[in-house]
Every structure is written in structure tokens, then in C-alpha cells.
Chemist: 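Pasting a structure below so you can have a look.
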Amino acid sequence: MITIGIDPHKSSLTAVALDATGQQLAHRRIAVNAAAYDTLIGWAAAWPLRRFAVEGASGLGRGIAQLLAAAGENVVDVPATLAARARLLDTGGVRKTDAADAASVAHAAMRKQLRPVIAEDHHTRLRLLSERRDDLARERVRLLNRLHVLLRDLIPGGAATDLTAPKAAEMLRQVRPLTATDHCRRDLARELLADLRHLDRSLKSNETQTRRVLTETHSTITELRGVGPVIAGKILGHVGDVTRFPTADHFASYAGTSPLEASSGERRRHRLNPTGNRQLNTALHTIAVCQARDPGPGRVYYQRKLSEGRTSAEARRALKRRLTNVLYRRLVQDQLRFATGTG
């Protein structure tokens, strides 16, 4: 097996081929353009039994890594920190060149079991849609806050906290400005209202697209209480291939729901885990809040933790950890059913 390490940059990439003993066979610097993939494959054709190791396959190396994975090549992702450690061990110092970096990437791939790069699919689309929705939601909150400020100055008492575009439009129709300054405030409020309506349409379109992509996944996680299309899209988008997590404990660590021990003396307690994927953690928090509030097994478990002397926050974290196991099993079952074509 020949391992080809790739050190990617914005304008070029450097590839180094190593044999099974770690000896360098050849290296090539390739300009990043429309012909970069064909050039790389043409150069690597001399070694039919090969695999590619790309540094930062989710960053600068995403483009070439995805092209290789889509073509059926064996590609692994080498974290930059691991490549830096390999370079330090290989050279005994911090000497750095593109060829040395690429060789270090290949050496790291030969020594460690690394995550394979898979071609982008519906999981990637769901993640993009989820991130776009988060951006739209933040912008909507900002617009509503600005609209609240203007309406407060135009209308005695201002607007209620549950302000929406129709409510704001109705309030603006009743405004009769008396000064030039109030005329300016009303005009700005109308502009903000138009932007708010545009954002509402964008959010609705985003949810429609998310529902459409969800149908392609054949996922059943929406059957869980508290999981709607938006939460399901966020979960599937950030989890990706669930088989990369060997156990539910690994999945909980990635989601940041495995509590950290903070015991002292005879007192045993655990505290919030601030690590892990915070977007996935947010989705699980939303599910936990819904299940703790509504009748069902989740609320029974939450109440039991409270009766054991846990605080509400501790009981909710315990519920999140339990829900992580439930979600992991459901994702694994869906993946298996989708792979075998049953169900």
C-alpha cells in the first residue's frame, strides 16, 4: 500500500508518496485549479494500490478530499495537530517545508487509525441548511430588537414582547407622527418591517428545504417527542455518519452530554460538560426541555431525579444523557435499515 500525503494550501497542494516502510518515492507540487484533480490522479496512477491522506479534509483540504472520495479513492483525514507531531518526530525539530509537511501527513496516516473521508451527501446539506437557519434566526432577533426600540418611541408603552410582522404592521398603520423625527422613525420602522417579512419568508423556505432533504434520509428520529424537522435536521447534519461512534458513550462525549465529575470529599456530584459539539448539545437540550415538560417517559425520569435530591439543572442534564443513548440507538437502527434497504 502506497500512502500519498497531501499538504493543501489556497493556491497549491503538495503530494508526497511513501512506501510501506515510510521511504519517500516521489513528490509533486500542483497548482489548485480546475485541472488539479486530474493532475494529481495522473501522477498517482503509477501506484494502483494507494490511499490518500489529506491534512484538514474539512478545511483547506476539503475540495481535493471530496473529489477523491467521490471518485471512490481511499481517503483519510489527518488533523493538523497530529501532522505537526509527526513532523516533530520525523525531523527532530521544527524545520518546515511543504514537502516535509506532506510526508508528515503520510507518516501520521500510516501510524494511526484515522477517520475516512466520505463523499458529501444529505447530511452535509442538512448541516448547511441548519447553519443558514441559525444565521437567519439571529438576524431576525436583531431586527425585532431594533423594531421594538422604534415602536417604543412612536407608541406609548411600545410593543408587546411577542412582536410579529403582522402585529408590527397593524401598529404602524395607527401611528400619526407629529414631528420630522417621528416621520424618520416611522420610515425606518417600515424598512425594518420589510426586512422582517423577507426573513420570515426565508425561514419558511429553509424549513421546506429541510423537510425535503429529511425525506431522503428515511430517518425516524422525528418520532421522538420534542424532535421536529428543524431539530432533526440539526442533529443529522452535525452527526453525519453515526457509525464513526463505536458506542453510545463516544457519541455522548461528542455531544457534550457526558457529565464531568466534580466530587469533593464524601460528596459525589457531576457538573456541566462545556466541551463537545455545542450545536448538537443545544438540540438535545431542547428535546430534554420538551420531554421534562410534557407527560411521558422523559418527564417520569426527570421527576424521579428530582425526588432523589437533584437540582432541576442536574435532573435535566441526567435526562439529556439518557436521551443521548435513545437517540444513538435510533440513529444506528436507521443507518442499518437504510444500508440494507429494509423498512
Side-chain angles (χ1 to χ4, degrees), residues 1-129 131-132 237-241 243-244 254 277:
M1 174 68 70
I2 302 301
T3 303
I4 301 175
I6 297 178
D7 178 38
H9 295 276
K10 292 178 66 175
S11 59
S12 67
L13 61 88
T14 301
V16 172
L18 304 182
D19 63 15
T21 64
Q23 295 298 315
Q24 182 172 322
L25 301 177
H27 74 275
R28 177 76 180 269
R29 181 183 177 88
I30 301 172
V32 175
N33 51 37
Y37 170 77
D38 292 334
T39 303
L40 177 62
I41 291 298
W43 173 75
W47 308 286
L49 190 60
R50 61 179 182 257
R51 68 170 175 171
F52 292 89
V54 182
E55 180 180 5
S58 58
L60 280 176
R62 190 200 64 82
I64 191 64
Q66 283 298 318
L67 287 173
L68 292 169
E73 296 284 349
N74 183 358
V75 189
V76 294
D77 179 20
V78 181
T81 53
L82 180 61
R85 292 174 186 170
R87 182 175 68 247
L88 182 62
L89 293 173
D90 291 339
T91 64
V94 293
R95 295 188 299 274
K96 188 177 187 303
T97 64
D98 290 345
D101 286 350
S104 299
V105 171
H107 278 129
M110 295 170 65
R111 296 167 181 164
K112 297 279 289 185
Q113 186 70 27
L114 298 174
R115 180 179 69 87
V117 177
I118 60 175
E120 293 178 333
D121 55 6
H122 48 258
H123 293 106
T124 306
R125 283 183 285 157
L126 286 172
R127 182 166 185 162
L128 291 172
L129 288 169
E131 291 172 349
R132 173 59 176 165
H238 284 272
V239 171
D241 183 10
T243 58
R244 63 193 177 107
Y254 175 75
N277 187 312

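What you see is a predicted model; the values in this text were computed from it and never measured.
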Chemist: For the CD1 atom of I64 and the CG atom of L68, what is their distance to the nearest 0.5 Å?
Modeler: 4.5 Å
Chemist: Return the minimal non-hydrogen interatomic distance between A103 and L18, and the atom names on each side.
Modeler: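 So the minimum-distance heavy-atom pair works out to O-CD1, 3.8 Å.
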Chemist: Within this structure, what is the CZ-CZ distance for the pair R111 and R85, rounded to the nearest 0.5 Å?
Modeler: 13.0 Å
Chemist: Show the nearest heavy-atom pair for residues H238 and R244, with the distance to one decimal.
Modeler: O-NH2, 3.6 Å
Chemist: For residues D98 and H9, report the shortest heavy-atom separation together with the two atoms involved.
Modeler: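 Residues D98 and H9, closest heavy atoms: OD1-NE2, 3.2 Å.
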Chemist: Within this structure, what is the OG-CD distance for the pair S58 and Q66, rounded to the nearest 0.5 Å?
Modeler: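 It comes to 10.0 Å.
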Chemist: Under the side chain to side chain contact (heavy atoms under 4.5 Å, CB included) rule, what do I4 and W43 come out as? Steps first, then yes or no, please.
Modeler: CA-CA 11 Å; I4 301 175; W43 173 75; 3.9 Å; yes
Chemist: For the CG atom of N33 and the OG atom of S12, what is their distance to the nearest 0.5 Å?
Modeler: 10.5 Å
Chemist: For A57 and A65, work out which heavy atoms get closest and say how close.
Modeler: CB-CB, 3.9 Å
Chemist: Of all heavy-atom pairs between D77 and G56, which one has the smallest distance, and what is that distance?
Modeler: OD1-N, 3.6 Å
Chemist: Should we say atom NE2 of H27 is surrounded by more than 12 heavy atoms from elsewhere, each under 6.0 Å from it?
Modeler: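 Atom NE2 in H27 is not crowded, with 12 or fewer foreign heavy atoms closer than 6.0 Å.
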Chemist: Considering only heavy atoms from C-beta outward, does the side chain of L40 approach that of Y37 to under 4.5 Å?
Modeler: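 No. Closest side-chain heavy atoms not under 4.5 Å.
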Chemist: In the structure I gave you, are the side-chain heavy atoms of E120 and R62 within less than 4.5 Å of one another anywhere?
Modeler: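 Yes, at least one pair of side-chain atoms sits under 4.5 Å.
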Chemist: State whether R50 and E73 are salt-bridged, where the test is any N-O pair (Lys NZ or Arg NE/NH1/NH2 against Asp/Glu carboxylate O) under 4.0 Å.
Modeler: yes
Chemist: Can you tell me which residue among L13, V105, L82 is in a side chain to side chain contact (heavy atoms under 4.5 Å, CB included) with E55?
Modeler: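 For E55, the side chain to side chain contact (heavy atoms under 4.5 Å, CB included) check succeeds only for V105.
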Chemist: In terms of heavy-atom contacts, does CZ of R132 have more than 12 from other residues, nucleotides or ligands at under 6.0 Å?
Modeler: no
Chemist: Please examine the side chains of K10 and L60, heavy atoms only from C-beta on, and report whether any two atoms are closer than 4.5 Å.
Modeler: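 A side-chain contact under 4.5 Å exists here.
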Chemist: Which of these passes side chain to side chain contact (heavy atoms under 4.5 Å, CB included) with V75: V117, I118, I6?
Modeler: V117
Chemist: Quick one: closest heavy-atom pair of L114 and A108, and the distance?
Modeler: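 Minimum heavy-atom separation between L114 and A108: CD1-O, 4.2 Å.
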Chemist: Check whether any side-chain N or O of Q24 sits under 3.5 Å from a backbone N or O of V16 as a donor-acceptor pair, and report yes or no.
Modeler: no
